[in-house]
Asker: 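Structure below; questions to follow.
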Amino acid sequence: MNTSTTPSLQHTITEIKRYLLLHYKWIKLDGIEKLTRITSAIVLIFVSIIFVSIILLYLSLSAVHAMEPRIGVVAAYAIMAGIFLVLFLLVWILRRLCVVNPILRFLYRIFSAKEGKNELFPDQNDEL
């Protein structure tokens, strides 16, 4: 009786080891995928911020030069500074809606247990 249970127990232990090894490999691959998605999103955001900053710089300088003959250089730069201050205050007031919630949604989609399915925000499942 002891001889028939030993191969079965050894087979079970072998299968458990195999399962744990496969599960460990899957966790590593899943972690690499998530890390890659987060890193690429961060790089994309930084590059976008740089380009948008350059675009805003040139647009604001062209607006200053367009206003300069009518109101003077100092007033034109002050108006542009005021516009940027209003934009900053608007982003600050709407930071939860415009910054925090999209980041939270993005991270939730990456780390959610269901692959490709977003249970908390079901209308955004197709964006993955």
Side-chain angles (χ1 to χ4, degrees):
M1 186 174 203
N2 191 11
T3 59
S4 66
T5 59
T6 303
S8 176
L9 183 61
Q10 288 176 349
H11 179 71
T12 304
I13 290 173
T14 305
E15 289 297 317
I16 289 173
K17 286 180 182 179
R18 183 174 165 221
Y19 170 77
L20 290 175
L21 180 65
L22 289 174
H23 194 65
Y24 171 72
K25 287 181 180 180
W26 179 80
I27 288 173
K28 270 182 29 178
L29 288 175
D30 192 46
I32 290 170
E33 177 199 2
K34 291 175 182 180
L35 184 63
T36 303
R37 289 178 65 191
I38 289 173
T39 305
S40 64
I42 289 171
V43 168
L44 181 65
I45 287 171
F46 281 146
V47 169
S48 298
I49 286 172
I50 290 170
F51 282 130
V52 167
S53 298
I54 292 171
I55 291 168
L56 284 176
L57 173 72
Y58 281 112
L59 285 175
S60 64
L61 287 175
S62 65
V64 165
H65 287 291
M67 289 186 283
E68 178 185 350
R70 293 180 195 92
I71 59 174
V73 177
V74 175
Y77 278 111
I79 289 173
M80 286 310 300
I83 289 172
F84 282 118
L85 179 64
V86 168
L87 286 174
F88 171 75
L89 290 175
L90 186 65
V91 169
W92 182 259
I93 291 169
L94 299 174
R95 70 185 176 274
R96 184 131 179 101
L97 181 66
C98 296
V99 178
V100 175
N101 288 346
I103 292 172
L104 179 64
R105 249 185 255 118
F106 173 71
L107 291 176
Y108 177 79
R109 280 194 309 252
I110 287 178
F111 291 110
S112 65
K114 298 269 185 181
E115 291 187 23
K117 295 295 179 188
N118 191 337
E119 295 175 359
L120 188 59
F121 306 103
D123 57 327
Q124 297 179 359
N125 285 331
D126 298 331
E127 292 180 12
L128 294 174

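Only heavy atoms go into these numbers, but all of them, side chains included; no hydrogens, no water, no symmetry mates.
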Asker: Checking Phe46 now: which residues fulfil ring-ring contact (aromatic ring centres under 6.0 Å, His included) with it, not counting sequence neighbours?
Answerer: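 If we apply the ring-ring contact (aromatic ring centres under 6.0 Å, His included) test to Phe46, skipping adjacent residues, there are no hits.
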Asker: Side chain of Arg18, backbone of Glu15: donor and acceptor closer than 3.5 Å?
Answerer: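 A pair under 3.5 Å: no.
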Asker: Is there a path from Leu59 to Leu90 through hydrophobic residues (I, L, V, M, F, W, Y) whose side chains come within less than 4.5 Å of each other?
Answerer: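 As far as the 4.5 Å side-chain criterion goes, Leu90 and Leu59 are not connected within one cluster.
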Asker: If I take atom CD1 from residue Ile27 and atom CD1 from residue Ile32, how far apart are they, to the nearest 0.5 angstrom?
Answerer: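 If we round to the nearest 0.5 Å, Ile27:CD1 and Ile32:CD1 are 12.0 Å apart.
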Asker: Quick one: OG on Ser8 to NE2 on His11, what's the gap to the nearest 0.5 Å?
Answerer: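 The distance works out to 7.5 Å.
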Asker: Residues sharing Val52's hydrophobic cluster, by side-chain heavy-atom contacts under 4.5 Å among ILVMFWY, directly or via others?
Answerer: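 Hydrophobic cluster check, Val52: joined to Leu56, Leu57, Leu61, Val64, Met67, Ile71, Val73, Tyr77, Ile79, Met80, Ile83, Phe84, Leu87.
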Asker: Quick one: which of Thr39, Ile45, Leu44, Ile38 gives a side-chain contact (heavy atoms from CB on, under 4.5 Å) with Ile42?
Answerer: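 Answer to the side-chain contact (heavy atoms from CB on, under 4.5 Å) test with Ile42 among Thr39, Ile45, Leu44, Ile38: Ile38.
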Asker: Supply the atom-to-atom distance Leu94 CG to Asn101 CG, rounded to the nearest 0.5 angstrom.
Answerer: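 Spacing of CG (Leu94) from CG (Asn101) equals 11.0 Å.
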Asker: Between CD1 of Ile49 and CD1 of Ile54, what distance do you get to the nearest 0.5 Å?
Answerer: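 The CD1 atom of Ile49 sits 12.5 Å away from the CD1 atom of Ile54.
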Asker: Mind checking the CD1-OG spacing from Ile55 to Ser60? Nearest 0.5 Å is all I need.
Answerer: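 Atom-to-atom, Ile55:CD1 and Ser60:OG are 12.0 Å apart.
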Asker: Taking only residues at least two apart or on different chains, which pairs with a member in residues 20-33 satisfy salt bridge (charged side-chain N to carboxylate O under 4.0 Å, His left out)?
Answerer: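 Counting only pairs at least two positions apart or across chains, the salt bridge (charged side-chain N to carboxylate O under 4.0 Å, His left out) contacts touching residues 20-33 are Asp30-Lys34.
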Asker: Would you say Ile103 ends up clustered with Phe111 if hydrophobic residues are merged whenever their side chains have heavy atoms under 4.5 Å apart, either directly or through other cluster members?
Answerer: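 Yes, Phe111 and Ile103 fall within the same hydrophobic cluster.
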Asker: Going only through I, L, V, M, F, W and Y residues with side-chain contacts under 4.5 Å, is there a path from Phe106 to Val43?
Answerer: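 Phe106 and Val43: separate clusters.
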